[in-house]
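Here the structure is a predicted model, which is why all the values come from computation and not from measurement. Position 1 is the first residue of the sequence; numbering continues from there.
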Amino acid sequence: LNPILPSPPNLKSNNFLKKVRYISSMRGRKMERSILNKINTSYDGYNFEAKKTKKYVDYGKFKIVGIIDGLSETKKTILEIKTRKNFESKGKTITPRERLQALTYMNMFACERCLFVESGPKGELKETVLDYDHDDFKREILDILERFTEKARDYDQVEFEGLLVKYNVL
């Protein structure tokens, strides 16, 4: 080792990882604020407000926690922003998991729709409106989580981890 050169940072250090996470999350928040402001000028009357506090909803056997990017209470619409490294301006690009996330948020915030905005690496924006469907929410989220919690109650650690994989929870 050359005593003049500083040693590399300890990548396993909690302090170093916290700093990296902080820089990344601050960059993401700044980008989201910029997109939210741009959307507010494009969508007259929506006036999305940034919402970065966790919301907890108790569904009886389980709770769901979520943080949305924005909310227009007057239009009953949530704003969900995703940054894409590989941006596709045409076709369906919202993943099934992202659709379920939006559906869950719409239920949690009693909204009728979600304005889903995808942002590309060069500042491109793609906007898609998703409508809330309570039957889909019940069938694709509530029913599955209820079955999961009923089965998981009596499982040991290994069986429980197998359930997480089976139900694609991780």
For residues 82-113, the ring pair (Phe, Tyr, Trp, His ring centres under 6.0 Å) pairs (sequence neighbours left out) are none
Under 4.0 Å between a side-chain nitrogen and a carboxylate oxygen: does that hold for E98 and R84? yes
List in chain and number order the residues that pass salt bridge (charged side-chain N to carboxylate O under 4.0 Å, His left out) with D133, two or more places apart in sequence or in another chain; answer none if no residue qualifies. none
Between D69 and K51, is the closest basic N to carboxylate O distance under 4.0 Å? no
With K76, which residues qualify under salt bridge (charged side-chain N to carboxylate O under 4.0 Å, His left out), at least two apart? none
Could you check whether D136 pairs with R139 (Lys NZ or Arg NE/NH1/NH2 to Asp/Glu carboxylate O, under 4.0 Å)? yes
Between the OG1 atom in T104 and the CD atom in E140, the distance rounded to the nearest 0.5 Å is 9.5 Å
Under the rule for salt bridge (charged side-chain N to carboxylate O under 4.0 Å, His left out), what residues qualify as partners of K55, not counting sequence neighbours? none
Please tell me whether I141 and V65 are part of a single hydrophobic cluster in this structure, the criterion being side-chain heavy atoms less than 4.5 Å apart. no
CG on L142 to NE2 on H134, rounded to 0.5 Å: 6.5 Å
Which residues pass the side chain to side chain donor-acceptor pair (under 3.5 Å) test with S119, sequence neighbours left out? none
Go through the structure and list residues passing salt bridge (charged side-chain N to carboxylate O under 4.0 Å, His left out) with E112, not counting sequence neighbours. none
